[in-house]
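Right, one structure below, let's go through it.
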Amino acid sequence: MAPMADRPRPGSGRAVGIDLGTTLSKLACVDDSGRPVLVPNAEGELLTPSIVAFTKTAVLVGRDAKRESLANPARAVLHIKRQMGNPKWRFKVDNETYTPETISALILKKVKQDSEMHIGPIRQAVITVPAYFDDARRKATEDAGAIAGLEVLDIINEPTASALAYGLARPAEDGIYLVYDLGGGTFDVTVIEKRGNEFITLATDGDVELGGKDWDERLVNHLAAKFQQEFKLNIREDPQAMAYLYVSAEEAKKTLSRRDKTTVPVSYKGHWGNYEVAVQEFESLTEDLLAVTQLTTEMVLEEAGITWEGVARIIPTGGSARMPMVQRLLERMAGKPVQGDVPVDETVAAGAAIHAAICAMKSPERIREFGAAAAERLGKVRTVDVAAHALGLIIKDVRTLQYRNDVLIPKNSRLPASVTKTYQTSYDGQEKILLQVVQGDAPNPAANITIGMLEVSGLPPERPAGALVDVTYSYDRKGRIHVTAKDQQTGASVGAEIARQAGLRADQVAEEAKRLSLKTVE
Ligand code: AMP
């Protein structure tokens, strides 16, 4: 994939793909032949650090924000992806409060405006999410796009995007793909079957709190302990010294992907320590993290009903897949070499760009805009995803009288998926039914992710107990939850609204979008 963009296209604005990563973000579009190209930022780089820093006069995103975050860690936000969907997280600076959605929107705004210098106006986007993201995190990502002034055509699972970019570049390679995606903050493993232009996900699993950042943290802990041992000083007390240590540790980690050992300088209160770290030492500090990815990978293969012999291609994705320990793990598990021809950093954004073009081409007037070659190449592509989490309801078990999770849509069901349940009103004149909706398949309610309370309302009044209501729960193609309800007697729709535990209301999204449109991002 060439790291350059083609000429600006006239018309109503581009549809692009954005990989909104924990540590790095990337934007890609397709060229006239339908092939993805990564678009550079204002600094001329293809990867923009997902860091936002607030100075007294400006909002910085990317490389400058990274530098600023070292000088002023309290005024910078890193790894915001980990907070998406967290209703409690807020960032306060200069009498302003930011949600995770708005911080992410600032990152999106920067990659959008920078890319526009190369490819002209951007209107629509597909944004990528880890396959294992739950409903709240998916919604937060869509809302971040809207706040940044983008029309979010779709969200796409990162492993699906990778498989799309990889598979379309190799039309002859059909079969089962295993996408092992270890990024800066999240881990996904997905089994996808490619049949010509079809990409059918068979199973997926992952961890939204496992990624390169955790490898960095182990090294930071190790170095801080060494420094304490030598100088009897606790570097953890100083956020600024820690911010530098994190950067040095990440650099050292990357060096250890190429060399057997490296030296990391650590400085605090006028003391300097230089610590040699060998790759074996680094690997033993982090082997349990790698073991988690192994377990998940084996579980997903089992859920997909596939053995290693059945896997035609392993697609390592995400910057952390560069670590030799990951390469060795994949080869050990698969019992065969992993070909090193996959650009681990680029495939997610590239796949998102392909998906964006496919979505945009659904409106006939835009096919002309993309050109005949792109339409020919992408027109027949189809992707099918699965639900990363089961969808359930908390019910009282009539036998045990304990509350438990009643799974309605099992994990790994093909999307879209829906199920209808019939409920009886339990007293005369009941106009409302309240139900707790969760994601997960653990029987214990507390072990699942609570989505919120579903209120089925507006049932016809003055009915005796025993009136029947059909409630339909569904996952759409992008893994978002929807609920509708119908009164059985009249056949009329009744209200069905989930009061979500997390996330912004539509009016809050609009308000944040207005606030952001007035902000300059540098
Ligand atoms: P991504 O979100 O896919 O861009 O991945 C970013 C993560 O990959 C960060 O944690 C980086 O530190 C990590 N990373 C990038 N290059 C390397 C490398 N050469 N060796 C180890 N980790 C890397």
Side-chain angles (χ1 to χ4, degrees), residues 1 3 17-28 38 41 45-51 62-63 66 69 78-82 84 104 107-108 111 127-133 141 156-163 165-166 179-190 206-220 243 245-262 264 277 279 282-283 285-287 289-290 293 315-330 340 342-352:
M1 190 167 53
I18 303 176
D19 172 0
L20 182 59
T22 312
T23 49
L24 298 162
S25 294
K26 301 134 212 174
L27 187 147
L38 242 61
N41 60 21
E45 289 159 358
L46 299 175
L47 315 178
T48 301
S50 303
I51 301 178
R63 190 172 71 184
K66 186 168 183 176
S69 73
L78 285 81
H79 308 123
I80 190 60
K81 193 169 178 176
R82 285 241 167 131
M84 291 298 261
S104 292
I107 299 167
L108 291 171
V111 291
I127 306 175
T128 66
V129 288
Y132 206 60
F133 254 22
T141 306
I156 184 170
N157 290 339
E158 287 158 11
T160 309
S162 270
Y166 180 88
V179 184
Y180 175 104
D181 182 2
L182 189 60
T186 57
F187 171 63
D188 278 326
V189 53
T190 301
D207 193 329
V208 288
E209 301 222 339
L210 183 64
K213 175 180 187 288
D214 301 283
W215 268 257
D216 300 345
E217 241 155 47
R218 291 291 170 87
L219 203 48
V220 163
L245 182 53
Y246 265 100
V247 171
S248 310
E250 193 193 357
E251 283 308 315
K253 173 187 76 172
K254 289 188 196 166
T255 304
L256 291 174
S257 291
R258 287 179 281 114
R259 308 172 71 93
D260 291 344
K261 56 183 181 224
T262 186
V264 194
V277 184
V279 71
F282 172 63
E283 290 182 356
L285 287 170
T286 54
E287 63 189 356
L289 301 173
L290 192 73
T293 73
I315 306 180
T317 302
S320 303
R322 285 220 181 83
M323 290 188 288
M325 67 197 293
V326 167
Q327 300 284 337
R328 284 203 312 276
L329 170 75
L330 292 174
V342 187
V344 296
D345 288 319
E346 299 173 10
T347 52
V348 171

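Remember, it's 1-based here, ligands and their atoms both numbered in the order they're listed.
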> Can you list the ligand 1 atoms lying under 4.0 Å from a non-hydrogen atom of L24?
Replying inline: 4 (O)
>> Ignoring hydrogens and geometry beyond distance, is a side-chain donor-acceptor pair present between S50 and T23 at under 3.5 Å?
In response: no
>> Using side chain to side chain contact (heavy atoms under 4.5 Å, CB included), reason through E158 and T347 one step at a time and then give a plain yes or no.
In response: CA-CA 9 Å; E158 287 158 11; T347 52; over 6 Å; no
> Which ligand 1 atoms does E250 reach within 4.0 Å, using its non-hydrogen atoms?
Replying inline: 9 (C), 11 (C), 12 (O)
> Is D345 in polar range of ligand 1, meaning some N or O pair under 3.5 Å apart?
Replying inline: no
>> Suppose we measure from atom 19 (N) of ligand 1 to each protein heavy atom; which comes out shortest, and what is that distance?
In response: R322 CD, 3.6 Å
> Can you find a heavy atom in the side chain of V348 that is under 4.5 Å from one in the side chain of K26?
Replying inline: no
>> Please report whether ligand 1 has a polar contact with G184, defined as an N or O pair separated by less than 3.5 Å (distance criterion only).
In response: yes
>> Do N157 and P130 make a side-chain contact, defined as non-hydrogen atoms from C-beta onward lying under 4.5 Å apart?
In response: no
>> I want to check something: taking the side chain as every heavy atom from C-beta on, are T48 and L24 in contact at a cut-off of under 4.5 Å?
In response: no
> Against heavy atoms of M323, which atoms of ligand 1 measure under 4.0 Å?
Replying inline: 21 (C)
> Rounded to the nearest 0.5 Å, what separation is found between the CD atom of E283 and the CG atom of L290?
Replying inline: 8.5 Å
> Does any non-hydrogen side-chain atom of T255 lie less than 4.5 Å from one of K261?
Replying inline: no
> Of the protein's non-hydrogen atoms, which lies at the shortest distance from atom 6 (C) of ligand 1, and what is that distance?
Replying inline: T23 OG1, 3.1 Å
>> I need the single residue from D188, T317, T293 that forms a side chain to side chain donor-acceptor pair (under 3.5 Å) with Y180. Which is it?
In response: T293
> Which atoms from ligand 1 have a heavy atom of G212 less than 4.0 Å away?
Replying inline: 10 (O)
> Of the listed options (G318, P324, S257, A249), which comes nearest to atom 18 (C) of ligand 1 when hydrogens are ignored and any heavy atom counts?
Replying inline: S257
>> Heavy-atom contact check, 4.0 Å cutoff: does T22 meet ligand 1?
In response: no
>> Run the ring-ring contact (aromatic ring centres under 6.0 Å, His included) test on F187 and Y132 for me, step by step, so that the C-alpha distance in whole Å, both residues' side-chain angles and the decisive distance to 0.1 Å come before the verdict.
In response: CA-CA 8 Å; F187 171 63; Y132 206 60; 9.6 Å; no
> Any idea which part of K26 is under 4.0 Å from ligand 1, heavy-atom wise: side chain, backbone, both or neither?
Replying inline: side chain
> In the protein, which heavy atom is nearest to atom 10 (O) of ligand 1, and how far is it?
Replying inline: K253 NZ, 3.2 Å
>> Taking distance alone, with N or O pairs closer than 3.5 Å, would you say G319 contacts ligand 1?
In response: yes
> Is it the side chain, the backbone, both or neither of S320 that has a heavy atom closer than 4.0 Å to ligand 1?
Replying inline: both
